[in-house]
There are 2 protein chains.
Amino acid sequence: MKPETDTFPMRDDTPDDRSQLIREALHNAIVERRLAPGTKLVETEVGELFDVSRTVVRAALQMLAFEGLVKIERNRGAFVAYPTPEEARQIFESRRVIEPEIAQRAAERMTNADVKAFQAHLKEEERLLVERGPSARRAAIKASGDYHLMLAAVAGNQILERFMRELIARSSLVIALYGQSGASSCARSEHADILDALIARDGKKAASTILHHIDHIEADLDYKAASNAPLRQALRL
Amino acid sequence: MKPETDTFPMRDDTPDDRSQLIREALHNAIVERRLAPGTKLVETEVGELFDVSRTVVRAALQMLAFEGLVKIERNRGAFVAYPTPEEARQIFESRRVIEPEIAQRAAERMTNADVKAFQAHLKEEERLLVERGPSARRAAIKASGDYHLMLAAVAGNQILERFMRELIARSSLVIALYGQSGASSCARSEHADILDALIARDGKKAASTILHHIDHIEADLDYKAASNAPLRQALRL
DNA sequence: CAAGATCAAATTGTATGCAATCTGAATTTC
DNA sequence: GAAATTCAGATTGCATACAATTTGATCTTG
């Protein structure tokens, strides 16, 4: 089916298999809000859960700390990150820098197969928004982030893609902490708008649309209402 | 002395002290080209060098792998990264996305103290370029990269600053591999040009100047002349 | 003598043990 | 009774031991 353009063997760093697996599992749990910000991640507990020794768990936690999803405090342990308002601001500023450029490049490189994939994803996103229940809610949150990651993948720069993966994950934490309304719903139509620009191969339009989209997401945040904050974290940073 | 505005304790991730120290030492060694691309980093050797166990060394190597300076291959060990031409292209594309925005923000936030620091740094850069000998050469390489990092620091976004730190370090590897002339010299006057725009608080000009600067750096590369390539690495990725 | 098989040394992956540190609760002290 | 103190349990930081894997050399074998 695919011609010699099969230059996409797979993305993986293979530091090792098992800690990578644990990293991804925790990453997903955090992004899908099954692990609340501030939650302590005890090495032995995680280890038993995955049936590995602390050594492997530690490697996973250190990776997560590196991408800002987990905070490791010396002699105290690892906690799901609790982004401050200032960090949140920087996360969205970074997205405003990177994502419009990604959208522009994606518009240039978009194949018809990509378009199909996006349309399918969008349909799934809308389905999940209608559905009720906490598990559908989680799936919707994840799908919303995945949309942005698909965009980054199409743009064809693995480095920027990795940066985006980090920013999207951390955004999810920020929204969990400071989000007001059922924000993601207002985003829905905007994802469709972005796709329209992409289909039209209009890079400029895609860039400006996604910029607005980011603005809207951030506008829904209220940094003062520090949610159900475990203020211990608030004081430690 | 300081009032309650002491909200800036210090920037550090404190995963732990010693592996962080080793990470920085290796980072510097790589950036200053004392460690060539492809060099194997044996855990016990590094450990003996710093008088720590392999556990600590491994943590450092995993961090370096995460920022793309080291490649870890399962059951084979850690090697100083050997960027492919495609990776090099992506590194510079990423810089073209991020650095102009950083320059623009830096122009807005630049204090007089910052200007003084930049002028001093520039003077030091020029001094190192005149000086002879490999150690001066190394210092010049490092100083050239540090200029870009100072810019990122002034811009005031720690996330983008971290991204830049990674990109600058990896650029150093790319230049070591594919650099043609004594490239850094052509860059010298451009650093001064950028500073001029910053002093004038002309964000647009600073952005476009640095974009040209990046173009010039990349233009000096020759991806075909794969240096003294240990082709083993070239084949493995 | 070239190509392949065999094997020992070196190196990494992982588990585990021990010391240092933190935590929270019981106990003392005022 | 509130605040400070003490101390045991829990948890992390680090070193080390052992198994699995790779590597390069030596030894066949045609």
Side-chain angles (χ1 to χ4, degrees), chain A residues 12-26 35-66 69-82 229-237, chain B residues 9 12-26 35-66 69-82 230-237:
Chain A
D12 67 321
D13 321 309
T14 36
D16 56 284
D17 291 14
R18 295 195 286 171
S19 65
Q20 195 64 27
L21 212 70
I22 293 173
R23 169 176 171 259
E24 277 162 28
L26 290 176
L35 282 172
T39 306
K40 174 151 196 206
L41 301 169
V42 179
E43 295 176 356
T44 54
E45 284 180 15
V46 180
E48 281 168 22
L49 218 57
F50 289 91
D51 199 49
V52 296
S53 79
R54 285 175 47 214
T55 309
V56 179
V57 175
R58 276 178 82 83
L61 291 175
Q62 281 163 348
M63 286 192 269
L64 288 165
F66 218 81
L69 281 189
V70 154
K71 180 134 195 279
I72 294 179
E73 296 178 33
R74 184 153 233 272
N75 285 325
R76 294 203 57 245
F79 305 82
V80 177
Y82 199 100
L231 51 84
R232 179 191 58 190
Q233 289 280 355
L235 297 179
R236 290 208 179 255
L237 179 65
Chain B
D12 66 321
D13 321 309
T14 37
D16 55 283
D17 291 11
R18 295 195 286 172
S19 65
Q20 195 64 27
L21 211 71
I22 293 173
R23 168 176 172 257
E24 277 162 29
L26 290 176
L35 282 172
T39 306
K40 175 152 194 203
L41 302 169
V42 178
E43 295 177 358
T44 54
E45 285 180 14
V46 179
E48 281 168 23
L49 218 56
F50 289 91
D51 200 48
V52 296
S53 80
R54 285 175 49 213
T55 309
V56 179
V57 175
R58 276 178 81 82
L61 291 175
Q62 280 164 349
M63 285 191 270
L64 288 166
F66 221 81
L69 281 189
V70 154
K71 180 135 195 279
I72 295 178
E73 296 178 33
R74 184 154 234 272
N75 284 325
R76 293 202 57 246
F79 305 83
V80 177
Y82 199 99
L231 51 83
R232 179 190 59 189
Q233 289 280 357
L235 297 180
R236 290 212 179 250
L237 179 62

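Bear in mind the structure is a predicted one, so any value in this text is a computation, not a measurement. Note: hydrogens, waters and symmetry copies are ignored here, and every other heavy atom, side chains too, is used. Per chain, numbering begins at 1; letters A, B, ... match sequence-line order.
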Atom [atom1] of [X] and atom [atom2] of [N]: how far apart are they, to the nearest Å?
X: A/Glu73; N: D/dG13; atom1: CD; atom2: C1'; result: 15 Å
X: B/Lys40; N: D/dG24; atom1: NZ; atom2: C1'; result: 12 Å
X: A/Glu45; N: D/dA10; atom1: CD; atom2: P; result: 12 Å
X: B/Asp51; N: D/dC14; atom1: CG; atom2: P; result: 13 Å
X: A/Phe79; N: D/dT11; atom1: CZ; atom2: P; result: 11 Å
X: A/Ile72; N: D/dT12; atom1: CD1; atom2: P; result: 10 Å
X: B/Gln20; N: D/dC14; atom1: CD; atom2: P; result: 12 Å
X: A/Leu61; N: D/dG13; atom1: CG; atom2: C1'; result: 14 Å

Exercise. Work out which heavy atom in A/Ser19 is nearest to a heavy atom in A/Ala60; give both atom names and the distance.
Key: O-CB, 3.5 Å
Practice problem: Locate the shortest heavy-atom distance separating A/Ala36 from A/Val80; write the atom from each residue and the value. | Solution: O-CB, 3.5 Å
Can you tell me how far [atom2] of [Y] sits from [atom1] of [X], rounded to the nearest 0.5 angstrom?
X: B/Ile22; Y: B/Leu49; atom1: CD1; atom2: CG; result: 9.0 Å
X: B/Arg18; Y: B/Phe50; atom1: CZ; atom2: CZ; result: 12.0 Å
X: A/Leu21; Y: A/Glu24; atom1: CG; atom2: CD; result: 6.5 Å

Quiz prompt | Derivation and outcome, side chain to side chain contact (heavy atoms under 4.5 Å, CB included), residues B/Leu35 and B/Leu41 | solution = CA-CA 10 Å; B/Leu35 282 172; B/Leu41 302 169; 4.1 Å; yes
Atom pairs, N/O to N/O, protein against nucleotides 19-22 of chain C, distance under 3.5 Å?
{"residue": "C/dT21", "atom": "O3'", "partner": "A/Asn75", "partner atom": "ND2", "Å": "3.3"}

Exercise. Could you please spell out the steps behind the side chain to side chain contact (heavy atoms under 4.5 Å, CB included) verdict for A/Tyr82 and A/Lys71?
Key: CA-CA 8 Å; A/Tyr82 199 100; A/Lys71 180 134 195 279; over 6 Å; no
Quiz item: Taking the nucleotide of DNA chain C with the closest heavy atom to each, which residue, A/Val52 or B/Thr44, is nearer the 5' end?
Solution: B/Thr44
Exercise. Only counting residues at least two apart or in another chain, list the ones meeting side-chain hydrogen bond (donor to acceptor under 3.5 Å, both in side chains) with B/Arg54.
Key: B/Glu43
Quiz item: With a 4.5 Å heavy-atom cut-off, do A/Leu69 and A/Leu26 have their side chains touching?
Solution: no
Quiz prompt | Nucleic acid contacts of residues 53-60 of chain A, taken as heavy-atom distances under 4.0 Å to DNA chain C | solution = A/Ser53, A/Arg54, A/Thr55, A/Val56
